[in-house]
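The structure under discussion appears below in the form of structure tokens.
Note that the coordinates shown come from a computational prediction; the quantities given were computed from them, not determined experimentally. Whatever order the structure lists ligands and atoms in, that order sets their numbers, starting from 1.
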Amino acid sequence: MNLSVRKSILYLLFIVFISTTLFPWSGHEAMTYYIIQDLPNIDKNVFITEYTYEEERQYNLEYLSLTDVAGKREFFCPIGDGVFPPDPPAVDDSLPVWQILTIYSPEPDNGMDEGLDLHPLQGLIGNSQGVRHMRYKIGFLKLFEGDKSFLYFVELSKQAFEKNDEYWGYRFLARALHYIEDLSQPYHNAPGSFFEIIGTAFNRNISRKLNNAHYFMDDYLVYLLYYSDNTAKEVILGAKSAFFDNYEDYVQEMMDYSLSKFSLIHSEIKALFGESLNDYVTIEQIRKMDEEGKLSKLKEETLSVLSYSSSIIKGFLIDFLESVGQI
Ligand SMILES: [Zn+2]
């Protein structure tokens, strides 16, 4: 494909993103809480320390939090149940490892990556958060930095542990978990089929449907974690660790697997909702469809993504925490 054709396609692709707003694969706190349950030492208490880091990344300082927020459920998903997972206040200025990983894993969706200048074509995207939380692979095109975000915070976490700052070691690690969890969401790896993406240039309705399909998938995980039966919980708890050679391979495997499930999941969502994707699908609608038995195929596919994603993240955590001497 010659350069001008590539540029035209790239331009068309970016038209899709104009209407894009926030895209959180919601429920990070619950997903993380279950993933870390079989890690050794998660009850170890860690003393809260001040932030003392010089970073390469810029953030939206209005939303970046550098103080401890334990006990406030500060970053928890707004459509969660308000009870789970637990978030007790700090005791003697210390927090257990499980709590640091849990409460800070949703933090990057709180606005720290919004409103920044991250990409030359960002004016067309209108949202820098997507640049850091997604990584599209569409044919030969690879766009955005979700994988780099994961690796960035793995490195920062390593640096914190090297200077014996366990609190920030775990807090940065929680952010790393956020980005690799985001990449387990199929819609963080592709916005739609190739022809749909091209179609968005001519029909804004397609773009709206793709966005709503993405939102639906984000919220469907919340439904499975908070409001459905215990299957999602059991799938995560039962996932066996999967190991890879290096941190790049962990995140690559996550992206490859999630993308390999994209067509199936996307087709099923379109078959289930059709024209209803013109509107946002609420949790209540999801519950109704589930009760009518219409979501069984989607549930099976989503649980398989959740299972293997949990395996990858468990393997990564064991590898990483061993390398920094925490387990
Ligand atoms: Zn995110």
Side-chain angles (χ1 to χ4, degrees), residues 17 19-35 55 57-60 62-65 69 73-80 85 100-116 118-119 122 125-137 143-154 156-157 171-191 210-226 236 250-251 254-255 257-259 262 280 302 305-306 309-310 312-313 316:
F17 307 133
S19 61
T20 300
T21 52
L22 288 181
F23 274 149
W25 175 228
S26 315
H28 287 274
E29 63 279 2
M31 184 175 175
T32 304
Y33 182 80
Y34 290 136
I35 285 176
E55 292 196 46
R57 280 201 158 184
Q58 290 190 325
Y59 303 107
N60 184 328
E62 198 183 329
Y63 297 105
L64 181 71
S65 171
V69 300
R73 311 185 77 77
E74 181 109 356
F75 307 125
F76 283 22
C77 178
I79 55 172
I100 303 173
L101 292 174
T102 299
I103 69 177
Y104 291 107
S105 66
E107 184 190 8
D109 281 342
N110 195 50
M112 66 189 230
D113 292 333
E114 275 178 56
L116 304 171
L118 298 178
H119 198 285
Q122 191 176 293
I125 309 171
N127 176 7
S128 61
Q129 177 161 315
V131 174
R132 285 192 175 160
H133 295 236
M134 299 199 270
R135 205 292 222 132
Y136 285 168
K137 183 166 184 290
L143 296 169
F144 306 144
E145 304 171 1
D147 51 341
K148 290 200 182 88
S149 298
F150 165 72
L151 294 168
Y152 176 82
F153 282 108
V154 171
L156 262 184
S157 173
R171 212 168 140 168
F172 289 137
L173 183 59
R175 289 191 195 161
L177 293 183
H178 177 95
Y179 294 101
I180 196 168
E181 286 170 3
D182 266 358
L183 292 171
S184 71
Q185 180 354 354
Y187 286 96
H188 276 248
N189 295 274
L210 293 181
N211 284 342
N212 281 327
H214 184 144
Y215 288 135
F216 164 77
M217 202 57 195
D218 287 339
D219 292 353
Y220 184 51
L221 179 68
V222 176
Y223 175 76
L224 290 177
L225 290 169
Y226 283 98
I236 300 175
Y250 278 99
V251 71
M254 185 67 90
M255 295 187 296
Y257 183 73
S258 183
L259 188 63
F262 179 83
Y280 174 77
T302 306
V305 172
L306 203 52
S309 303
S310 302
I312 295 170
I313 296 171
F316 157 71

Worksheet item: Which N, O or S atom name in H178 marks its closest approach to the Zn ion (ligand 1)?
Response: NE2
Fill in: Test item: E55 and Y152 side chains (from C-beta on) under 4.5 Å apart, heavy atoms
yes
Worksheet item: Is the Y104 ring parallel, tilted or perpendicular to the F75 ring (thresholds 30°, 60°)?
Response: tilted
Worksheet item: Heavy-atom count around Y63 OH within 6.0 Å, excluding the residue itself: above 12?
Response: no
Discussion item. Under 2.8 Å from the Zn ion (ligand 1), is there any N, O or S atom belonging to D182?
Written reply: yes
Discussion item. For S149 and R135: C-alpha separation, side-chain torsions, deciding distance, then whether side-chain hydrogen bond (donor to acceptor under 3.5 Å, both in side chains) applies.
Written reply: CA-CA 10 Å; S149 298; R135 205 292 222 132; over 6 Å; no
Worksheet entry | the Zn ion (ligand 1) to nearest N/O/S of D109 less than 2.8 Å | yes
Worksheet item: Taking both backbone and side chain into account, is any N, O or S atom of H188 nearer than 2.8 Å to the Zn ion (ligand 1)?
Response: no
Worksheet item: Would a distance-only check, ignoring hydrogens and angles, find a side-chain to backbone donor-acceptor pair under 3.5 Å from E107 to R175?
Response: no
Worksheet item: Would you say H28 has an N, O or S atom lying under 2.8 Å from the Zn ion (ligand 1)?
Response: no
Fill in: Residue H133 atom name (nearest to the Zn ion (ligand 1); N/O/S)
ND1
